[in-house]
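Reviewing the structure listed below.
Residue numbering restarts at 1 for every chain, and letters A, B, ... go by the order of the sequence lines.
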Protein chains: 2
Amino acid sequence: MTSHPPPPPRATMREVASAAGVSLKTVSRVVNGEPGVREVVRREVEAVVEELGYRHHRGASDLRRSGQRTRAIGVLVQDIANDYSARLLRSLEDATRERGFVLLAASLDEDAARERQLVTEMIARRVDGLVLMAATDRQDYLAADVRAGLPVVFVDRVPHGLDVDCVTIDNAGGTRAGVEHLLGRGHRRIAFLGDLPAIPTARERLAGWRQALVAAGATPDPALVRDGLRTVDAARDALGDLLRLPDPPTAVFAARNVLTVGCLRAVRWDAPAPAPEVVGFDDVELLDLLEPRTTVVRQDVEAVGRAAADLLERRMAAHGWPARHVVLPTELVVR
Amino acid sequence: MTSHPPPPPRATMREVASAAGVSLKTVSRVVNGEPGVREVVRREVEAVVEELGYRHHRGASDLRRSGQRTRAIGVLVQDIANDYSARLLRSLEDATRERGFVLLAASLDEDAARERQLVTEMIARRVDGLVLMAATDRQDYLAADVRAGLPVVFVDRVPHGLDVDCVTIDNAGGTRAGVEHLLGRGHRRIAFLGDLPAIPTARERLAGWRQALVAAGATPDPALVRDGLRTVDAARDALGDLLRLPDPPTAVFAARNVLTVGCLRAVRWDAPAPAPEVVGFDDVELLDLLEPRTTVVRQDVEAVGRAAADLLERRMAAHGWPARHVVLPTELVVR
DNA sequence: TTGAAAGCGTTACCAG
DNA sequence: CTGGTAACGCTTTCAA
């Protein structure tokens, strides 16, 4: 393989200017659609732009422009490939597209070090705003940047040690509704499968499970709680274990989409005759077609994205107002 | 709501320099971890950096640095929220993360105008490379930029009017395998549900359906082909229609994940007693738990992403070698 | 309507 | 080891 010589560098405004026989500033005017250029000149410049393949350089433009807006938003989610994160990303895209924003997206995988590294990266790139599904316990490391005017919105999880806007859902309430549904169907031994206890959302859902049981006069049995579950297989194994207990649960609450799928796999492949009833947090594609029917606590992901975009844009427009915490309701979808 | 005064602008290297009593260049050295700075001075500068909340400005740095690398990759997919696009994005992220790349992601929604607008946007931001799931018929509009050295890799679809690298899968072959599976089970009237015929991938899958039928001595009936289907509901309606034909199909090949879901909904809710058998292109979560079992043609999305990242990085490293077309195999998952 | 010069925040180059 | 000066590609400012 012969390594060819590198292609010539891109044409700059200066080159377009000299080729068109006008000044740099005139090219800038044409390229930016500013007034004050005769039609003949404009045409000529446009022709040279085309001929030389000139492309506007946003980086240089942003640098010089006052205000220093990059029209880029950093979005750090748990895992881009996960349905929840992907839909959130999409709704943020839709909500910001018209104003010309571009999304810098990355996955954190619940890794605190990775969060700090990527936040630094985003700030170095001077994003106009940051949407964060935090993987860290505390986010005081961001305080100076927030004070310096960086618009930050937390999604899915509340901030700790940091006073910024956030959009969450009613995790405890949603979970209570799900567990109450099971209680109403006569279950008393209801297991709970959860994500890492370090995640506030996971803790809130566990609390909801406990609250519902206590309110119903049932005893939350610690032996029926399995947390720290990250994957479909981990959930499947955990439920399998629970079903082998001497006094196994008759129902399970799965606190996340991935865990619900794991439970259903366990029920299908590993469960003894009277399969436990499953209720999950977050709806999953095709779940409504599956037998036995699985009730879920559904959240409006698109609404979360819209609210986050809205808060972000308000922050970008005006700085200094108190942090707002938006909590969106959940909906029990009984099947 | 009182609009507070804007926060003071971020500290620059110059300010750090004067506060630390050193030159601009020394701060630059410290910030970039370059050698040639006494330990005492380095410590002092680092302290001032911390105190003033200085943050490196990549935009300015990239502008001045030779090579003009932004370490950003533009990824334009069909729909970030779709499982296929989301997983592709994630595998590109994993494959490029170590080298410090960041992903600029956007959805095209099969909209040609949107593709051209976003490509312009990405070039203006001087991405180091572009991954494109094209929505346009032809991409000659990119020729000048490719000649100018922009690394571009097409994924899922081959380029037209443009000689660039691409990663696709064996769409016709995969579809043939799926249809042959149905033929082997005794079906002769096999319907085809496809996406927009403007999408090369969709056309190749349709061709595969035809090839398999012809090879088996069956007649591809145009009345059993429904294309231009974009959504779950469109697929559901289309299959519903087909089943109301005087001589309805006994099986369906659904050429995309979304369409498979639509077919399964139709089968579950709208189909008469002997439900048609469904085979789909692309696997879907939970599909393996659904009754009746649905066979699928599976592709390795992660491998597509890895191959695309690999081609992109080769292009970035050395320019001028002939375009390479990688075609990955599919796998029939019989259920 | 047009253009020359300065400067955005940084790094390259070369002198001390 | 350290620092001045120029320059990256562009927009702003102001003068012509």
Side-chain angles (χ1 to χ4, degrees), chain A residues 6 8-46 48-49 52-71 121 123-128 148, chain B residues 6 8-46 48-49 52-71 121 123-128 148:
Chain A
R10 284 184 176 285
T12 68
M13 269 195 184
R14 206 201 259 15
E15 289 167 304
V16 172
S18 71
V22 297
S23 84
L24 178 58
K25 178 63 222 192
T26 299
V27 178
S28 174
R29 287 199 180 91
V30 172
V31 166
N32 290 296
E34 287 169 20
V37 181
R38 267 183 311 163
E39 198 49 35
V40 211
V41 180
R42 164 157 276 135
R43 290 274 174 71
E44 170 59 15
V45 170
E46 275 164 356
V48 176
V49 160
L52 264 54
Y54 169 80
R55 295 289 204 161
H56 189 58
H57 191 313
R58 263 206 79 118
S61 173
D62 287 341
L63 184 58
R64 187 60 182 90
R65 252 185 167 82
S66 55
Q68 305 270 28
R69 303 227 149 286
T70 57
R71 298 252 130 191
E121 175 81 44
I123 293 174
R125 290 180 188 270
R126 292 297 187 274
V127 292
D128 287 349
Chain B
R10 284 184 176 285
T12 67
M13 270 193 182
R14 207 201 260 10
E15 290 166 303
V16 172
S18 72
V22 296
S23 83
L24 178 58
K25 179 64 221 190
T26 298
V27 178
S28 175
R29 287 199 180 91
V30 172
V31 166
N32 290 295
E34 287 169 20
V37 181
R38 265 183 313 163
E39 199 49 35
V40 211
V41 180
R42 162 158 278 134
R43 289 274 174 70
E44 170 60 12
V45 171
E46 275 164 355
V48 176
V49 160
L52 264 53
Y54 168 81
R55 294 289 203 161
H56 189 57
H57 191 313
R58 261 206 79 119
S61 173
D62 287 341
L63 184 59
R64 187 61 183 93
R65 253 186 165 81
S66 55
Q68 306 270 28
R69 303 229 148 287
T70 56
R71 297 252 131 191
E121 175 82 44
I123 293 174
R125 291 180 187 268
R126 293 298 186 273
V127 292
D128 287 349

Does D:dC10 have OP1 or OP2 under 4.0 Å away from a side-chain N or O of A:S61?
no
Would you compute the distance between atom NZ of B:K25 and atom CD of B:E34 and round it to the nearest 0.5 angstrom?
5.0 Å
Using the side-chain heavy atoms of [X], tell me which of these nucleotides is nearest: [options].
X: A:S28; options: D:dT11, D:dC8, C:dT11; value: D:dT11
X: A:Y54; options: D:dC10, C:dT1, C:dA12; value: D:dC10
X: B:S23; options: D:dG3, C:dA4, C:dT11; value: D:dG3
X: A:V37; options: D:dG9, C:dT2, D:dG3; value: C:dT2
X: B:T26; options: D:dC10, D:dT2, C:dT11; value: D:dT2

Check nucleotides 13-16 of chain C against the protein and report each pair of N or O atoms closer than 3.5 Å, with its distance, or say if there are none.
none

Which residues in residues 11-18 of chain A have at least one heavy atom lying under 4.0 Å from any atom of DNA chain D?
A:T12, A:M13
Side-chain contact test, heavy atoms from C-beta onward, threshold under 4.5 Å: evaluate it for A:M13 versus A:H56 and give yes or no.
yes
Walking DNA chain D from its 5' end, the first of A:G59 and B:L24 to be reached, judged by nearest nucleotide, is B:L24
Let me check the geometry of the helix from C:dT1-D:dA16 to C:dG16-D:dC1. What is the bend angle between the axes at its two ends, five pairs each, to 10°?
40°
